Amino acid sequence: MTKGTFPIDKLKGIETPFYYYDMELLKKTLKIVKEETKKYGFIQHYAVKANANRRILEVIATEGFGADCVSGNEVKAAMAAGFPASKIVFAGVGKTDKEINVALDYNIFCFNVESLPELEVINELAAKKGKLAQVALRINPNVDAHTHEYITTGLSENKFGFNMNHLDKVIEKIGTLKNISLIGIHFHIGSQIEDVTTFAPLCARVNELQKFFEERGIQLPHINLGGGLGIDYEDPTAHPISDFVAYFELFHKNLQLRDGQTAHFELGRCIVAQCGALMTKVTYVKEGENKKFAILDAGMTDLIRPALYQAYHKIENISSDLPVQKYDVVGPICESSDTFAKDYELNETKRGDLIALRSAGAYGEIMASQYNCREIPKAYFSDKI
Ligand code: LLP
């Protein structure tokens with residue numbers, strides 16, 4: 001497997017750890033998503049939760065994407081970066097009054113609503129402002145995403161969305177809420193889904209539900225299929241861009257959209273993951289009992305995915321072409337889970353080598369914490385260093 005290409009002369013003088021974003025790859029990815037969605041008239045709302053770095057958001061907004069937000073602050077960040085309110089959707093099981101009011105004040109496109117009490121609160125707050133809030137019902141489709149249990153969301157045991165058996169009650173309730181306008185249904189089955197055929201049962205469920213709503217005299221102009229398309233963490237250099245052609249084609253072939261109906265998507269990871277790397281230096285190489293530790297200056301506070309989900313990120317020593325040796329690659333945090341990989345083959349490593357943790361553009365920088373009073377890593381961009 002070949003290593004990624006990094007402008008090492010420019011990067012080695014920067015204080016580590018930091019996030020490095022390949023803006024050319026981001027723009028290439030956005031171009032392909034735009035082309036593929038345009039083919040079918042699909043609308044893409046970038047899932048801000050994957051990476052809310054201001055510069056990244058601005059580039060995505062400039063390309064004409066909408067935004068999928070899950071907090072009031074994400075709505076504010078999306079607005080500040082230039083996403084139009086008319087392309088912002090807002091999901092989440094626990095939207096507070098304050099967050100709902102922020103979104104109402106901006107007149108966002110749609111609330112993806114997850115419970116009856118939330119519907120009532122949005123109605124009440126919209127009434128106070130004399131507004132009509134557009135909502136889509138997030139429905140839990142009970143479709144298995146075949147992914148890590150922590151990032152599976154579409155099973156009936158998960159906390160997300162309305163249970164399909166409760167929909168009659170919900171429709172009845174909506175009929176009584178004067179400041180709510182039902183414009184669609186919303187789904188999201190999970191994340192890091194590598195096999196696109198996993199989305200076929202979701203399409204089948206949507207087709208069934210379309211009939212359910214039509215039988216009750218309800219036409220829904222918008223169908224939101226969520227996000228979830230995975231990326232290749234094993235070999236990001238060989239596969240820097242996910243198979244968007246197959247992904248959107250699957251929905252085009254399997255979804256029975258009605259005339260005038262629009263399909264929306266909320267991809268996050270596959271838009272930004274591969275363009276980002278966490279750059280870190282080796283502080284020490286330590287001899288253990290029958291093993292060597294490469295101790296990095298980045299830790300779980302900078303990239304928590306390995307500690308939290310046992311996630312794999314490819315690690316490259318970009319300073320060394322020496323023969324490989326095995327290392328446990330660890331961070332400096334006082335937790336045993338602060339381990340990026342065990343028995344990992346790196347080109348022979350010494351103190352000061354620059355290491356890249358690949359595929360870290362999604363759920364990397366945004367999930368950083370200050371545990372141990374550490375600083376949040378800075379970000380640098382390929383076109384501005
Ligand atoms: N829409 C909704 C309603 C979601 O909950 C999510 C992700 C997305 C869209 C975007 O999904 P994506 O296209 O990025 O798979 N922190 C975890 C991932 C959590 C995903 C949460 N929801 C990780 O690092 O793997």
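The structure displayed is predicted, hence computed values, not measured ones. Whatever order the structure lists ligands and atoms in, that order sets their numbers, starting from 1. Note that these values count all heavy atoms, side chains included, but never hydrogens, waters or copies made by symmetry.
- Taking the six-membered ring for Trp and thresholds of 30 and 60 degrees, Phe251 and Tyr247 have ring planes more than 60 degrees apart, a perpendicular arrangement.
- The part of Tyr309 lying near ligand 1 is the side chain, judged by heavy-atom distances below 4.0 Å.
- With respect to Asp22 and Lys28, no salt bridge is recorded, no charged nitrogen being found less than 4.0 Å from a carboxylate O.
- Contact atoms of ligand 1 toward Arg138: 3 (C) (distance under 4.0 Å to a heavy atom of the residue).
- Ligand 1 has a nitrogen or oxygen under 3.5 angstrom from a nitrogen or oxygen of Arg269.
- Below 30°, between 30° and 60°, or above 60°: for Tyr312 and Tyr344 the angle between ring planes is between 30° and 60°, a tilted geometry.
- Remark: ligand 1 atoms within the under-4.0 Å shell around heavy atoms of Leu267 are 13 (O).
- Counting the atoms of ligand 1 from 1 in the order shown, those under 4.0 Å from a heavy atom of Ala47 are 10 (C).
- Contacts with ligand 1 closer than 4.0 Å are made by side-chain heavy atoms of Asp68 only, the backbone lying farther away.
- No heavy atom of Ala50 sits closer than 4.0 Å to any atom of ligand 1.
- Between Tyr21 and Asn51, the side chains place a donor N or O and an acceptor N or O closer than 3.5 Å (distance only, hydrogens not considered).
- Residue contacts with ligand 1: Gly228 is placed with a nitrogen or oxygen under 3.5 Å of a nitrogen or oxygen of the ligand (distance criterion only).
- For Arg216 and Phe212, the positive end sits near the middle of the six-membered ring, less than 6.0 Å away and at most 45° from its axis.
- With a 4.0 Å heavy-atom cut-off, ligand 1 is reached by the side chain of Arg305 but not by its N, CA, C or O.
- Here the shortest heavy-atom distance to atom 21 (C) of ligand 1, taken over Glu114, Gln192, His186, Lys49, belongs to Lys49.
- Residue Glu266 has at least one heavy-atom neighbour below 4.0 Å for each of these atoms of ligand 1: 1 (N), 2 (C), 3 (C), 8 (C), 9 (C), 10 (C), 13 (O).
- Separation of the Phe18 and Tyr380 ring centroids falls under the 6.0 Å cut-off.
- Ser242 and Arg269 are not linked by any side-chain donor-acceptor pair at a separation below 3.5 angstrom, with hydrogens and angles left out of the test.
- Geometrically, Lys95 engages Phe90 in a cation-pi contact defined by less than 6.0 Å to the ring centre and at most 45° from the axis.
- Each of the atoms 12 (P), 13 (O), 14 (O) of ligand 1 lies under 4.0 Å from some heavy atom of Gly268.
- Those atoms of ligand 1 that come under 4.0 Å of a heavy atom in Met367, given as number and element, are 16 (N).
- For the side-chain hydrogen bond (donor to acceptor under 3.5 Å, both in side chains) with Asp68, the qualifying choice from His186, His45, His264, Lys49 is Lys49, the only one to do so.
- The Gly227 neighbourhood of ligand 1 comprises atoms 9 (C), 13 (O), with distances under 4.0 Å to a heavy atom of that residue.
- Ser71 and Asn73 share no side-chain donor-acceptor pair at under 3.5 Å.
- Any N or O atom pair closer than 3.5 Å counts here, and Ser191 shares at least one such pair with ligand 1.
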